[in-house]
A.B. asks: 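Would you mind keeping the following structure in view while I ask a few things?
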Amino acid sequence: QVQLVESGGDLVQPGGSLRLSCAASGSAFSTYALGWYRQAPGKQRELVATITSAASTNYADSVRGRFTISRDNAKNTVDLQMNSLKPEDTAVYYCRAQKFLLNFWGQGTQVTVSS
């Protein structure tokens, strides 16, 4: 019902900033909870940030204060602004849309933080 495409991943130096975007195609986008997750090689996929249909947000402790999630229901997009990036932020970042038992994932975009 929802297809998601992430973009914006890049190589960035520690302390730098990056903005990821996720564009959705489908119906009822505004009713889905949205989230950004990441997975580093050899590690489990983990929550980065979520935003509900009511626009309440939640962040992993490791990114709180540095990352900001936002959604634009008119454009069917969810963004992740990442500031003060650290090498440990290096991962493939995935966009997710969720509502009850419905769950959709994007293909992922690579973020590499290195000098």
A.B. asks: Same cluster or not: Y59 versus M82, using hydrophobic residues (I, L, V, M, F, W, Y) connected whenever any side-chain heavy atoms lie under 4.5 Å apart?
C.D. replies: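 Yes.
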
A.B. asks: Considering non-hydrogen atoms only, spot the tightest contact between N83 and S17 and give its length.
C.D. replies: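 Answer, listing the atom of N83 first, then S17: OD1-OG, 2.9 Å.
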
A.B. asks: Ignoring hydrogens, what is the shortest heavy-atom contact between G26 and N76? Give both atom names and the distance.
C.D. replies: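 Between these two residues, the closest heavy atoms are O-ND2, 4.0 Å.
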
A.B. asks: Shared ILVMFWY cluster between L102 and V2, side chains joined below 4.5 angstrom?
C.D. replies: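 Yes, same cluster.
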
A.B. asks: Any idea which heavy atoms bring S30 and S53 closest together, and the distance?
C.D. replies: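 Heavy atoms of S30 and S53 come nearest at O-CB, 3.3 Å.
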
A.B. asks: Against the six-membered ring of Y32, is R71 placed for a cation-pi contact (under 6.0 Å from the centre, within 45° of the normal)?
C.D. replies: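 Judged by the rule, R71 and Y32 form no cation-pi pair.
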
A.B. asks: Please report the shortest heavy-atom distance between A49 and I69, naming the atom on each side.
C.D. replies: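 Heavy atoms of A49 and I69 come nearest at O-CD1, 3.6 Å.
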
A.B. asks: Which heavy-atom pair separates A97 from L34 by the least distance, and what is that distance?
C.D. replies: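 For A97 versus L34, the nearest heavy atoms are CB-CD2, 3.8 Å.
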
A.B. asks: Please report the shortest heavy-atom distance between W36 and C22, naming the atom on each side.
C.D. replies: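 Of all heavy-atom pairs spanning W36 and C22, the closest is CZ2-CB, 3.7 Å.
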
A.B. asks: Within the supplied structure, the quantity of interest is the number of heavy atoms (other residues, nucleotides, ligands) at a distance under 6.0 Å from Q3 CD; does it exceed 12?
C.D. replies: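 Not more than 12 within 6.0 Å, no.
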
A.B. asks: Strictly by modelled atom types, are Q81 and D79 linked by a side-chain donor-acceptor pair under 3.5 Å?
C.D. replies: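 Per modelled atom types, Q81 and D79 side chains form no pair under 3.5 Å.
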
A.B. asks: Do S114 and T90 come within less than 4.5 Å of each other through their side chains, counting heavy atoms only?
C.D. replies: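 No, side chains not in contact.
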
A.B. asks: Can you list every ring pair (Phe, Tyr, Trp, His ring centres under 6.0 Å) pair that touches residues 87-109, not counting sequence neighbours?
C.D. replies: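 Of all non-adjacent pairs touching residues 87-109, those that pass ring pair (Phe, Tyr, Trp, His ring centres under 6.0 Å) are Y37-W105.
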
A.B. asks: Membership question, hydrophobic clusters at under 4.5 Å side-chain separation (ILVMFWY): are V92 and L80 in the same one?
C.D. replies: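 Different clusters: L80 never reaches V92 through Ile, Leu, Val, Met, Phe, Trp or Tyr contacts under 4.5 Å.
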
A.B. asks: Using modelled atom types and a 3.5 Å cut-off, is there a donor and acceptor pairing between side-chain atoms of R96 and backbone atoms of T50?
C.D. replies: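 Side chain of R96 to backbone of T50: no pair is present.
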
A.B. asks: How about CD on E88, more than 12 heavy atoms from neighbouring residues, nucleotides or ligands closer than 6.0 Å, or not?
C.D. replies: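 Yes - once you tally the heavy atoms of other residues, nucleotides and ligands closer than 6.0 Å, there are more than 12.
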
A.B. asks: Just wondering, do S21 and T77 contact through their side chains at under 4.5 Å, heavy atoms?
C.D. replies: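 Side chain of T77 against side chain of S21, heavy atoms only: no contact under 4.5 Å found.
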
A.B. asks: Any Lys/Arg nitrogen of K86 or D89 sitting under 4.0 Å from an Asp/Glu carboxylate oxygen of the other?
C.D. replies: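 So K86 does not pair with D89 through a salt bridge.
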
A.B. asks: Applying the side-chain contact (heavy atoms from CB on, under 4.5 Å) criterion to L20, which one of D10, V111, V48 satisfies it?
C.D. replies: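 Exactly one candidate clears the test, V111.
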
A.B. asks: In Å, rounded to the nearest 0.5 Å, how long is the span from OG1 of T57 to CZ of F67?
C.D. replies: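 Here the rounded value is 14.5 Å.
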
A.B. asks: Nearest 0.5 Å, what's the CG-OG1 distance between L18 and T112?
C.D. replies: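 L18 atom CG to T112 atom OG1 measures 10.0 Å (nearest 0.5 Å).
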
A.B. asks: Are any non-hydrogen side-chain atoms of V63 and R38 less than 4.5 angstrom apart?
C.D. replies: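 Yes, close enough: below the 4.5 Å cut-off.
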
A.B. asks: Looking at E6, is its backbone amide N or carbonyl O close enough to the side chain of Q107 to form a donor-acceptor pair, meaning the two atoms are under 3.5 Å apart?
C.D. replies: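 Between the backbone of E6 and the side chain of Q107 there is a qualifying donor-acceptor contact (under 3.5 Å).
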
